[in-house]
S.K.: 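Here it is, the structure in full.
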Amino acid sequence: PGSVLGLSLDPDGAGVALAAKNLHANQVGSTGEVRRYDTGERDLAILAPPLAGGALELAARAPGSGWCLFLLGRRAATPTVFPGVTGSLALDRQARLGVFPRSVGPDGRADLVLPLPDHPALLGLDLSAQAFFRGPGGSSFTLAVVDPLIL
């Protein structure tokens, strides 16, 4: 809506944050906003801010896959590599993992919409998500691991 005064690129280059005034730079004004834009190039993404009492919405993509497992848990100190599987499991196998199977559409996309209870214990929960795909071409973990912050 106005002039961009700041820009920050994600370390992986797949997102950008812009800080802008609500008016143009040559106009007097004291309001503005910060917007985040995602290029959509990740193989796993958070679709909307996860809110307690709302939902956690994730989308993963692996063309040619037959099914997908969304995995929720804590990040591991060291990723686990499995023979014959592309990528590595970045979540801690010793901690309890949530596993949510989903079908994959013709475009290779799988979606997870997980309702979240309206409970204060969820706020700021240490949570990470990754997806695992299986298809005729083999098995793979997503390269991206996301850390949804529940508000």
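Everything numeric in this text was worked out from a predicted model, so none of it was measured.
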S.K.: Apply ring-ring contact (aromatic ring centres under 6.0 Å, His included) to F100 and list each qualifying residue two or more places apart in sequence or on a separate chain.
M.R.: none

S.K.: Side chains of V99 and F132, heavy atoms from C-beta outward: is any pair under 4.5 Å?
M.R.: no

S.K.: Check whether any side-chain heavy atom of V16 lies under 4.5 Å from a side-chain heavy atom of L18, and answer yes or no.
M.R.: yes

S.K.: I want to check something: taking the side chain as every heavy atom from C-beta on, are L114 and L72 in contact at a cut-off of under 4.5 Å?
M.R.: yes

S.K.: Who are the side chain to side chain contact (heavy atoms under 4.5 Å, CB included) partners of L149, not counting sequence neighbours?
M.R.: L151

S.K.: Would a 4.5 Å heavy-atom cut-off, applied to side chains only, mark L116 and I150 as touching?
M.R.: yes

S.K.: Could you pull out the closest heavy-atom pair between L56 and P148, with the gap in Å?
M.R.: CD1-CB, 3.7 Å

S.K.: The criterion is side chain to side chain contact (heavy atoms under 4.5 Å, CB included); which residues satisfy it with A45, sequence neighbours excluded?
M.R.: none

S.K.: Not counting sequence neighbours, which residues clear side-chain hydrogen bond (donor to acceptor under 3.5 Å, both in side chains) with R74? List them please.
M.R.: none

S.K.: Kindly say whether Q27 contributes a backbone atom to a donor-acceptor pair with the side chain of K21 at under 3.5 angstrom?
M.R.: yes

S.K.: Cut-off 3.5 Å, no hydrogens considered: what does the side-chain donor-acceptor table look like for residues 117-129, sequence neighbours left out?
M.R.:
unit_1 : atom_1 : unit_2 : atom_2 : d
H119   : ND1    : A121   : N      : 3.0
S128   : OG     : D147   : OD1    : 2.5

S.K.: Could you list the donor-acceptor pairs under 3.5 angstrom formed by side chains in residues 135-143, with sequence neighbours left out?
M.R.:
unit_1 : atom_1 : unit_2 : atom_2 : d
S139   : OG     : R134   : NH1    : 2.7
T142   : OG1    : A131   : N      : 3.2
T142   : OG1    : A144   : O      : 2.9

S.K.: Please give me the minimum heavy-atom distance between A55 and V113, naming the atom from each residue.
M.R.: CB-CG1, 4.0 Å

S.K.: Where do V81 and S88 come nearest, in terms of heavy atoms and distance?
M.R.: CG2-CB, 4.0 Å

S.K.: Rest of the hydrophobic cluster containing V28 (Ile/Leu/Val/Met/Phe/Trp/Tyr, side-chain heavy atoms under 4.5 Å)?
M.R.: none

S.K.: Would a distance-only check, ignoring hydrogens and angles, find a side-chain to backbone donor-acceptor pair under 3.5 Å from R75 to V145?
M.R.: yes

S.K.: Would you name the heavy atoms of L47 and R109 that are closest together and state the gap between them?
M.R.: CD1-NH2, 3.5 Å

S.K.: At their closest point, which heavy atom of G108 faces which heavy atom of F133, and how far apart are they?
M.R.: O-CE2, 4.3 Å

S.K.: State whether the side chain of Q130 and the backbone N or O of L89 hold a donor-acceptor pair below 3.5 Å, judged by distance alone.
M.R.: no

S.K.: Test: side chain to side chain donor-acceptor pair (under 3.5 Å). Region: residues 92-106. Which pairs qualify, not counting sequence neighbours?
M.R.: none

S.K.: On a heavy-atom basis, which atom in L97 and which in G73 lie closest, and how many Å separate them?
M.R.: CD2-CA, 3.9 Å

